[in-house]
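No hydrogens, no waters, no symmetry mates; every other heavy atom, side chains included, goes into these values. Naming convention: chains lettered A, B, ... in sequence-line order (proteins, then strands); numbering from 1 in each chain.
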Amino acid sequence: MTIVATLKSDITPDGADYETVRRVIEMITDDYRDQPSLDDIAARLKQAPSQLQKTFTRWAGLSPKAFLQAVTLDHAKRLLRQESMPLLETSIEVGLSGPSRLHDLFVTHEAMSPGEWKARGEGLTIRWGFHGSPFGRALVMVTERGLAGLAFSDEADGRACFEDMACRWPNAEYVEDREATAAYAARIFDPSRWNAEEPLRIVLIGSDFQVRVWEALLRIPMGKAVTYSDIAGQLGQPKASRAVGAAVGRNPLSFVVPCHRALGKGGALTGYHWGLTRKRAMLGWEAGRA
DNA sequence: GGGCCGCGCACAC
DNA sequence: GTGTGCGCGGCCC
């Protein structure tokens with residue numbers, strides 16, 4: 001089986017920008033001690049500063065400087081403060097069990113039964129493919145019941161990314177099928193195609209606890225954030241924040257189930273399965289669109 | 001059942 | 001700021 005699919009064209013015009021953006025975010029956050037200027041960064045990327053600025057702004061909807069402000073601690077604290085708890089609580093009535101869930105990308109979800117979860121994917125056919133996305137190469141996995149997996153990889157490391165996902169449901173049958181996954185990818189990453197009439201169908205495959213945590217994440221609106229302990233409290237297990245963190249980290253639908261909107265209590269980003277740089281990228285990208 | 005790990009947190013110094 | 005211990009669910013014996 002060949003894992004690495006070559007990309008003829010990015011499905012979003014933003015796709016090609018991510019590599020540039022990723023390196024900018026990395027430089028600014030890794031080398032925060034000597035706060036590199038746009039000119040410094042452009043020089044290191046061998047680009048004209050004005051062009052870099054343009055690329056970045058096209059991708060983020062925000063200038064590099066504004067983007068940076070959007071992912072600082074101060075800003076994160078503000079995201080948390082404004083009505084983060086009410087967000088989680090009111091939405092319980094809106095209907096965990098009901099079919100329509102919102103993200104700004106509207107989603108209907110179903111969870112696998114405990115039996116199906118234990119079978120570790122037995123009897124499931126999973127079609128998969130890599131596609132360009134605003135956050136690097138995206139691995140999309142679908143079943144006939146809807147989207148089951150979404151993951152990201154930098155550059156050529158698609159194999160590790162695929163393994164990371166496939167080992168979660170080791171008994172499933174995997175079929176490379178970019179035609180089947182392309183439509184999902186195109187929709188997920190294009191906000192203009194998000195609408196309530198045709199929600200995206202997703203299927204959550206996980207333990208009972210994990211599914212409850214992921215459902216809580218689905219209730220956080222775009223441009224908002226909650227803490228791990230908020231979620232623990234909402235599940236009625238206020239001391240389980242660390243268990244929540246572990247479950248968030250196992251979220252199989254990165255971005256669609258917005259685990260990047262879960263932050264530490266102090267506003268620190270604390271962690272991300274697909275890399276903190278990507279978490280910053282998602283939060284900043286959303287800040288430019290919220 | 002036992003033991004370890006993880007996208008946490010609070011408290012200490 | 002760094003260290004440390006508590007706490008939890010998941011997972012592998």
- Would you please test A/D230 and A/T227 for side-chain hydrogen bond (donor to acceptor under 3.5 Å, both in side chains) and show each step? CA-CA 5 Å; A/D230 284 343; A/T227 68; 3.3 Å; yes

- Go through the steps for A/R280 and A/L269 under the test side-chain contact (heavy atoms from CB on, under 4.5 Å), then give the verdict. CA-CA 8 Å; A/R280 287 188 191 97; A/L269 268 53; 3.5 Å; yes

- Heavy-atom side-chain proximity of A/T57 to A/F67 below 4.5 angstrom: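 Result no, sub-4.5 Å side-chain heavy-atom pair not found.
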
Given atom [atom1] of [X] and atom [atom2] of [N], what is their separation to the nearest angstrom?
| X | N | atom1 | atom2 | answer |
| --- | --- | --- | --- | --- |
| A/Q210 | C/dC8 | CD | C1' | 13 Å |
| A/F209 | B/dG6 | CZ | P | 17 Å |
| A/R212 | C/dG10 | CZ | C1' | 14 Å |
| A/Q234 | C/dC8 | CD | P | 19 Å |
| A/I231 | C/dC8 | CD1 | P | 18 Å |

- Between A/F135 and A/W274, is a ring pair (Phe, Tyr, Trp, His ring centres under 6.0 Å) present by the stated rule, with each step listed? CA-CA 10 Å; A/F135 310 106; A/W274 307 107; over 10 Å; no

- Query: Under a 4.0 Å N-O cut-off, is there an ion pair linking A/R219 with A/E215?
  - Reply: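 Answer for the salt bridge query: no.
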
- Item | Contact letters for nucleotides 7-13 of chain B, in which S counts primed atoms plus P, OP1 and OP2 and B counts the base, heavy atoms under 4.0 Å | BBSS---

- Query: How is the base pairing of DNA chain B summarised as a dot-bracket string, given the Watson-Crick and G-U wobble criteria with both distances under 3.5 Å, [ ] for crossing and | for another strand?
  - Reply: ||||||.||||||

- So A/M112 and A/L124, side-chain contact (heavy atoms from CB on, under 4.5 Å) or not? Walk me through it. CA-CA 11 Å; A/M112 293 241 136; A/L124 217 59; 4.1 Å; yes

- Give a yes/no on whether any side-chain N or O of A/Q237 is located under 4.0 angstrom from OP1 or OP2 of C/dG9.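 Yes, because at least one side-chain N or O of A/Q237 sits under 4.0 Å from OP1 or OP2 of C/dG9.
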
- Item | Check: A/F189 ring centroid to A/F255 ring centroid under 6.0 Å | yes

- Item | Given A/N195, A/D190, A/V256, the one that forms side-chain contact (heavy atoms from CB on, under 4.5 Å) with A/L105 |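 For A/L105, the side-chain contact (heavy atoms from CB on, under 4.5 Å) test succeeds with only one of A/N195, A/D190, A/V256, which is A/V256.
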
